[in-house]
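These notes are about the structure you will find just below.
Start at 1 and go down the list; that is how both ligands and their atoms are numbered. What you see below is based on every heavy atom in this structure, not just the backbone, and it leaves out hydrogens, waters and symmetry mates.
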Amino acid sequence: MITVNENFLKLQAGYLFPEINRRVAAFARTHPEASIIKMGIGDVTEPLAPAVVEAMHRAVDEMGKRDTLRGYGPEQGYAFLREAVVQNCYYSRGVNIEPDEVFISDGSKCDTGNLQEIFGLDNVVAVTDPVYPVYVDTNVMAGRTGAWDKTRGQYAGIVYMPCTAENGFVPELPDKPVDMIYLCYPNNPTGAVATVEQLKKWVDYARENKAIILYDAAYEAFITDGNIPHSIYEVDGARDVAIEFRSFSKTAGFTGVRCAYVVVPHSLKAGQKEGSSVDLHPIWSRRHCTKFNGASYISQAGAAAVYTEQGKKQIQEVIDLYMGNAAVMREALGKLGYAVYGGQNAPYIWVKTRNGMSSWEFFDLLLQKTHVVCTPGAGFGAAGEGYVRFSAFNLPDRVIEAMDRITKL
Ligand code: MLT
């Protein structure tokens, strides 16, 4: 009889966002009159920038003619986009990344989920708590997690690094050796950022312990503070120990278009059981070419337009709009006496509930009484219990309306 990959049976509950959708849909069925304001999943509300739309229209026209039609593209992405990425995201910040170290994909969720495949199953995984669930769940699927520990509400084989208000939501170094370290800054869900000094500790740790940092920088475009690094490669020595994920989803409204990239430097190495080490770049390239036929030409043409003069300006206007929402939310919730974090260099606001209310209780209360949807912090890990996350991706008048309703409640 065919057998199942039992690792999948170890996954806890459903994925967070479908569960939220399920509760919201159930509420909407019984309250068809309710005008629901969704501040749960971070999904964009502003249209694509005109420069991106024009570039994609041109790309569609090219695809519609025999002479300019593009079939399979390079699996790692078109040179025009890889070059634009290094020029605009790395050289411009004094970071040396080569175009062939950039692998274009159809999203950071896939990239962060897929990358673990090139590492041995005996590696110890370290994640922050709270954490973007994809890092944990994909390692569970691979079998790198041990059993679910009911008492702790965590997997026994994963090292969870608590991120609390006390440590500014940037974890301390682990007290036992770890090999695969997932960090995400600006952080999802807490909206916290990490300084060069804080990241340097991690880079030094990884160098000393021959570990790899999987650095998710999907929200770097929302950084407003000039002292905060946009890339882990702004830290000395990171090229030898870090992989970086970036996405056009939140930066340029590509959640429905799909385009992202991962940087795998040539200098990264991992050990073999017999003791010698191998380069990771060709291994990821091999994996990518085998399992992926490249992001669509139309998406990549649109992504390249993000780096044109017009594109940059238009995209910045949209980011400013979302960050304006974040400021409104911070102010309103702060005035109500809530402890409010994030929202200054990230599109997420992390809010402590009061009177011992659990995350899901707060979520349900808000949904029932104000018809506003947030994301329960507990869905991101044990340390997220007692917090909720609000997303700043919304229309400004809806954000004001949501804050009014919460204030009245
Ligand atoms: C979120 O709300 O955490 C993100 O939108 C989810 C994602 O990027 O997959």
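- In this pair, Phe248 and Tyr307 present their aromatic rings perpendicular. The plane angle is above 60°, beyond the 30 to 60° band.
- Annotation: Tyr132 is not in aromatic contact with Phe380 [ring centroid separation under 6.0 Å not met].
- Below 4.0 Å from some heavy atom of Ile41 lie the following atoms of ligand 1, by number and element: 2 (O), 5 (O).
- With ligand atoms numbered from 1 in the order given, ligand 1 contributes 6 (C), 7 (C), 8 (O), 9 (O) to contacts under 4.0 Å with heavy atoms of Tyr132.
- Of all protein heavy atoms, the one lying nearest to atom 8 (O) of ligand 1 is Lys250 NZ, 3.1 Å.
- Annotation for ligand 1: atoms under 4.0 Å from non-hydrogen atoms of Gly42 are 1 (C), 2 (O), 5 (O).
- Using a 4.0 Å cut-off to heavy atoms of Asn188, the atoms of ligand 1 that qualify are 1 (C), 3 (O).
- The distance from ligand 1 to the heavy atoms of Tyr348 drops below 4.0 Å at these ligand atoms: 1 (C), 2 (O), 3 (O), 4 (C), 5 (O).
- Geometrically, ligand 1 and Arg389 share a nitrogen or oxygen pair separated by less than 3.5 Å.
- Under a 4.0 Å N-O distance rule, the pair Arg144/Glu117 does not qualify as a salt bridge.
- Side-chain contact of Asp240 with Ser267: a donor-acceptor pair under 3.5 Å is present, judged by distance alone.
- Not less than 6.0 angstrom separates the ring centroid of His230 from the ring centroid of Phe222.
- Side-chain contact annotation: Tyr219 with Lys250, donor-acceptor N/O pair under 3.5 Å present.
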